[in-house]
Amino acid sequence: MIFSGLTQHWCKRPPATLWPGSGTALRRRSSLRLFASASSADRLVQWVSSSGGTVSPTVHVSPPDSVMGAGLRASKACRSGELLVSLPRSCQLSYDGSTEPNLLQLISKVPEELWGAKLALRVLKERIMGPDSPFHSYIDNLPMGVPGIPMFFSPDAIRALEQYPPLSEQVKKRCRWLLSFSSEHLSALPGSPADPFLGTPVDANILGWALAMTTSRAFRVQGPQHPAALLPLIDMSNHSFAPNCEVKPGPGGSVEMVASRDIRAEEDLLLSYGKLDNTFLLLDYGFMVPGNPHDTVLIRYDPIMFEAGHLLAQGQGAPPDNAPDLGSATFQQQLLTEMNLLGPKADLELAFGRSLQRCSPRLLAVARLFTAASAAEVRGRSADDLGAWDQPLSLINEVKALRMVAGVAAMLLTRFPTTLEQDRRALEGGPAVAAEGGLPEGGPHQLAPDVRAAVQLRAEKKAVLSEVLQDIGHRIRGLASQTVPQGAAEAYRESVSQASGGQKRKFSTSSRKAKMRNGKGFG
Ligand SMILES: C[S@@+](CC[C@H](N)C(=O)[O-])C[C@H]1O[C@@H](n2cnc3c(N)ncnc32)[C@H](O)[C@@H]1O
């Protein structure tokens with residue numbers, strides 16, 4: 001059954017007390033920022049200045065565009081290090097800043113790790129207080145939705161996203177949490193003495209809006225010990241991996257935004273939200289960066305997957321390779337436990353990624369371990385050593401281990417119901433792929449924005465895996481020519497290039513069997 005995310009109908013017919021005068025603007029779902037007018041932005045700047053903060057005359061709020069929404073821009077050139085915005089503590093919105101007992105009581109019911117949801121409850125409280133809230137000028141300027149956030153995707157888009165379960169599972173988890181928290185703790189509040197929301201009904205969709213605000217706008221500037229806070233005005237800066245501004249703690253608990261390099265007049269003022277992969281960017285911020293250098297593909301550790309990868313990478317023309325011992329030998333069990341891949345609290349997450357030198361150290365370590373000739377080859381190695389790119393066990397082992405890594409990546413690529421090329425054609429408006437690809441059936445058509453985002457996300461993941469295959473194939477070819485005699489090297493290269501072909505390559509019988517045994521590779 002397809003899980004449908006939260007609905008946006010609340011946006012169209014909001015309770016009057018929550019969204020005064022906003023009903024009509026919200027019908028245009030494609031616009032990111034739906035009601036921040038020049039005057040509300042001016043009021044925000046005035047509020048920061050009159051609350052003891054500083055806003056440089058260089059800082060200008062730019063009107064929304066269809067890609068990034070509104071933003072900040074330099075109205076004139078400024079020098080590196082120049083102070084652009086300073087926010088006193090009283091202008092920072094965090095969940096521990098409230099003294100209202102009912103709100104604090106409700107916030108305490110949210111698990112510690114869900115800081116975004118705790119902060120969301122505070123945002124709702126301030127929103128419901130309207131002009132009585134000290135944060136009114138800020139709250140009034142918040143967008144009415146972040147349409148790119150998958151919590152609000154249609155069933156078609158969620159289906160399209162299911163090709164990459166690490167993301168679709170997170171989306172479902174968030175939606176389930178919102179639904180259960182609102183039925184357990186919010187539905188009975190109106191009319192009760194414990195109600196912090198002054199009788200205004202709050203449901204999962206409204207809490208979802210507030211959660212989208214906090215995950216897409218909060219900062220943790222004062223260090224990991226301090227709760228994340230919303231930073232009015234500063235949070236209008238959009239993201240770039242090559243930013244020109246940075247945010248840092250200032251004197252007396254203030255937060256400052258400064259130019260991190262010389263900035264020309266009319267340049268956008270951009271911050272880096274962190275070295276985040278596309279999954280995280282889409283989940284929390286509702287956008288992704290094509291070719292993101294920090295993108296990753298997550299997989300769950302499973303020895304059968306490594307075995308299947310090994311078989312796939314061997315290829316048919318390859319010299320026979322002894323079947324590796326997969327996790328049953330005592331020395332393997334010890335190292336797998338040290339890597340926290342075995343045991344009741346095991347963390348099974350492994351990753352491929354551009355900035356991980358193609359795969360996470362633990363993934364490399366597992367492949368080296370499984371292809372080690374004997375316990376003697378890994379004796380004295382810690383799990384950390386085993387995952388260090390510059391510490392191969394031996395040339396022969398490295399070739400085998402990299403072939404196994406490449407085989408796992410190739411196998412993942414073959415498991416997507418659609419190929420990278422099909423996804424790219426769909427993004428260009430070509431014919432829809434079968435419904436298993438999560439696209440509506442039919443001829444050439446424009447994808448809805450949320451379906452497009454889902455297809456783009458999975459295409460980005462496939463691009464990461466393809467690059468991993470090419471890169472590892474290249475490394476293997478370099479190593480293989482040093483380790484095997486001339487005739488066998490030819491066969492080796494042939495098998496490696498077959499494995500690098502990924503989706504185009506046919507499974508050998510044994511690897512097809514392994515695939516059937518293994519079921520899903522993700523999540
Ligand atoms: C902290 S807010 C920035 C201000 C926001 N644009 C606004 O209109 O209020 C973060 C949101 O801005 C948008 N955004 C920021 N950087 C972006 C980028 N590089 N590409 C696309 N959207 C971006 C996303 O909607 C994101 O959730």
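First listed ligand is number 1; within each ligand, the first listed atom is number 1.
- Residue contacts with ligand 1 for Ser237 involve N, CA, C or O but no side-chain atom from C-beta outward (heavy atoms, distance under 4.0 Å).
- Counting atoms of ligand 1 from 1 in the listed order, those under 4.0 Å from a heavy atom of Val67 are 21 (C), 22 (N).
- For ligand 1, the atoms closer than 4.0 angstrom to any heavy atom of Ser216 are 1 (C), 2 (S), 10 (C), 27 (O).
- Less than 4.0 angstrom separates some heavy atom of Asn238 from each of these atoms of ligand 1: 3 (C), 4 (C), 5 (C), 6 (N), 12 (O), 13 (C), 14 (N), 15 (C), 16 (N).
- Asp156 and Ser154 share no donor-acceptor pair across their side chains, judged by distance under 3.5 Å alone.
- Judged as a ring-ring contact (aromatic ring centres under 6.0 Å, His included), the pairs with a partner in residues 250-274 (not counting sequence neighbours) are, in order, His239-Tyr273, Tyr273-Tyr285.
- Remark: ligand 1 and Asp235 share no N or O pair separated by less than 3.5 Å (distance only, no angle test).
- A donor-acceptor contact closer than 3.5 angstrom is absent between the side chains of Lys118 and Ser108.
- Side-chain contact, Lys461 with Gln163: no donor N or O sits under 3.5 Å from an acceptor N or O.
- Closest approach of Tyr95 to Glu112, counting heavy atoms only: OH-OE1, 4.1 Å.
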Taking distance alone, no hydrogens or angles, what donor-acceptor pairs closer than 3.5 Å link side-chain atoms of residues 80-88 to residues at least two apart or in another chain?
| unit_1 | atom_1 | unit_2 | atom_2 | d |
| --- | --- | --- | --- | --- |
| Glu82 | OE1 | Arg79 | N | 3.1 |

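- For ligand 1, the atoms closer than 4.0 angstrom to any heavy atom of Tyr285 are 24 (C), 25 (O), 26 (C), 27 (O).
- Close approach of ligand 1 to Tyr273 is summarised as follows: ligand atoms under 4.0 Å from at least one heavy atom of the residue are 1 (C), 2 (S), 3 (C), 10 (C), 15 (C), 16 (N).
- For atom 5 (C) of ligand 1, the candidate residues are Gly69, Ala41, Ala70; the nearest heavy-atom contact is made by Ala70.
- An N or O contact shorter than 3.5 Å is missing between Phe287 and ligand 1 by distance.
- Between Phe135 and Trp47, the gap from one ring centroid to the other is short of 6.0 Å.
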